[in-house]
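Chain letters run A, B, ... following the sequence lines, proteins first, then strands; residues in each count from 1. Heavy atoms only: backbone and side chains are in, while hydrogens, waters and symmetry mates are out.
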Amino acid sequence: MRLPCVQPNSSATDLLRLACRSILAGLRWLAFIILAYVMLGLAVGLGGVARVGATPINLVLIAAVFICINAQRDPAMIACFVLGLLHDLVGGGPVGMYALAYCCVALLVAGTERSMAVEHPFTHFFVTLFGGIIVAIVVKFIDAWHGIGTSLWTDLLTAFYTAIVAVPVLWALNKFRKRFRFRTSVGW
Amino acid sequence: MRSGTIILLPVVALLSALTLPEAKSGIRTSLRALFSPVAWPAHRVGQALSRATVTPDESKLFSSELGNLSTDALIVQIQNLNAQLEDLKKLSHLYTQMGASLLQSSDLTSVTSGPTDQRQFLTISTAALVSPRAGSAVFHPLGFVGQVDSVGVGAARVMLTTDVMFKRTGRFVRYQARADGGIDIVPLGLDQPLVEGTGKGMVARQMAARDIRNVLKVGDIVELEDPAFTLPALRGMRLGVVTEIDLPPTDAEFAEIKISPTVDLLSIREVFVVRGS
């Protein structure tokens with residue numbers, strides 16, 4: 001999609017339209033919806049099984065990391081917000097908790113694709129670990145507000161185990177990377 | 001606009017996280033049903049894999065580590081296991097014989113998903129239930145599981161005994177072997193503990209240290225003794241086993257007793273739901 005340039009005499013509506021188009025063009029949203037559906041479905045279905053001991057594995061975080069390491073910041077932020085909101089609605093906890101957590105991950109990770117090897121397993125492991133730690137901190141912060149009774153240690157272990165699982169999952173997702181038509185920061 | 005999106009969405013998420021409560025169970029159940037084309041086969045495959053890879057370990061019925069226990073505690077544990085065996089025999093006999101109050105007034109159903117990240121809930125199918133309603137007791141032949149928290153379309157959510165919102169009274173008992181090989185269930189004569197879920201297990205706080213010192217031991221059983229449950233057969237159902245007693249230095253203070261559920265709530269696949277509340 002070729003985007004129009006901003007002219008000095010552009011109106012506010014034109015700017016809004018341009019911004020919306022740039023966000024929509026940053027990612028193929030149908031592919032994202034399928035990814036979100038599959039990962040949330042797996043998270044729901046494997047809720048009682050995908051765990052190491054009593055520590056669950058956060059499959060939605062892997063989807064969020066995949067979007068964050070490939071997409072630009074704006075589409076990544078929207079995608080992570082949607083993923084987090086659905087995670088909140090399907091799982092437990094206050095609505096917005098995971099949306100905030102994944103938004104924070106997008107804020108810190110998205111847009112840095114130029115500075116890292118996005119297809120390297122080490123990148124997948126460490127970015128997922130970093131994302132998991134961010135999620136753990138945000139969840140603990142919201143927990144302190146609401147008094148849900150989560151354990152920071154369990155959430156950190158979840159981050160670690162999720163990072164291990166993320167390596168093969170993101171390797172597989174990278175095979176479908178072209179389907180997402182990510183637009184990088186290098187240029188349109 | 002770009003920076004606007006960057007700021008707006010986290011702010012919206014933060015405000016909603018701080019102000020909004022947990023999503024209503026009806027919404028959650030409907031959304032979960034929406035994901036069932038992926039969730040259901042994933043669940044079946046996951047169950048099959050876990051069955052294939054995990055060998056049943058009977059010692060996990062009591063989650064305390066045998067290696068860390070003293071001789072006294074080991075004796076209590078062995079008595080408990082013997083008692084459990086005896087109890088299961090009785091239970092089996094009761095099942096075949098009675099169709100009694102408990103089984104007549106309860107329905108067997110399958111567990112569709114396990115505890116979530118934040119809360120200790122099971123999701124059960126309501127297809128086989130006659131009149132599922134919130135507050136109904138849920139149990140397993142090995143012990144009490146929890147209570148129905150909410151009922152949605154085709155599924156109900158069960159708050160487990162390990163959930164942080166779970167609070168029920170119980171009583172401490174010990175199984176003692178008789179000379180003839182039978183087992184006596186001996187109440188320890190302590191105050192009724194208020195058993196609360198902690199997310200990982202259960203705990204009984206506010207127990208006077210003076211009373212429980214030298215009386216309560218690791219391995220003793222906590223049974224359900226709550227006036228909320230009117231069905232007599234539910235009283236005396238196992239809630240858990242004492243795994244740790246945190247005694248204060250002086251008798252004037254309170255002890256904290258950690259309790260582990262007798263049922264392995266993570267791998268439970270079928271439960272009984274009592275009709276009515």
Any idea which heavy atoms bring C103(A) and P10(B) closest together, and the distance?
CB-CG, 4.0 Å
List the atom pairs, donor and acceptor, that lie under 3.5 Å between side-chain atoms in residues 126-137 of chain A and the rest of the protein, sequence neighbours left out.
from, atom 1, to, atom 2, distance (Å)
T128(A), OG1, H124(A), O, 2.5

Checked S16(B), S36(B), A13(B), P37(B) vs chain A; the most non-hydrogen pairs under 4.5 Å come from A13(B)
With sequence neighbours left out, what residues match L173(A) under side-chain contact (heavy atoms from CB on, under 4.5 Å)?
L35(A), F66(A), V169(A), L170(A)
If we define contacts as heavy-atom pairs under 4.5 Å, which of G84(A), G96(A), C80(A) has the most with chain B?
G96(A)
Check the surroundings of atom CZ in F160(A): do more than 12 heavy atoms from other residues, nucleotides or ligands lie under 6.0 Å from it?
no
Considering only heavy atoms, which portion of F81(A) lies under 4.5 Å from any heavy atom of chain B: side chain, backbone, both, or neither?
side chain
Using a cut-off of under 4.5 Å on heavy-atom pairs, state which of T123(B), L14(B), L18(B) scores highest against chain A.
L18(B)
Between A17(B) and P94(A), the two heavy atoms sitting closest are O-CB, 3.6 Å
Separation of M97(A) CE from L20(B) CG (nearest 0.5 Å)
12.5 Å
If I take atom CG from residue L86(A) and atom CG from residue L34(B), how far apart are they, to the nearest 0.5 angstrom?
9.0 Å
Answer key: most heavy-atom pairs under 4.5 Å with chain B among A101(A), G41(A), A76(A) is G41(A)
Residue L107(A) versus chain B: region with a heavy atom under 4.5 Å
side chain
Between P41(B) and chain A, which part of the residue has a heavy atom less than 4.5 Å away: side chain, backbone, both or neither?
neither
With side chains defined as the heavy atoms from C-beta onward, is the minimum distance between L9(B) and Y102(A) less than 4.5 Å?
no
CZ of R269(B): more than 12 outside heavy atoms within 6.0 angstrom?
yes
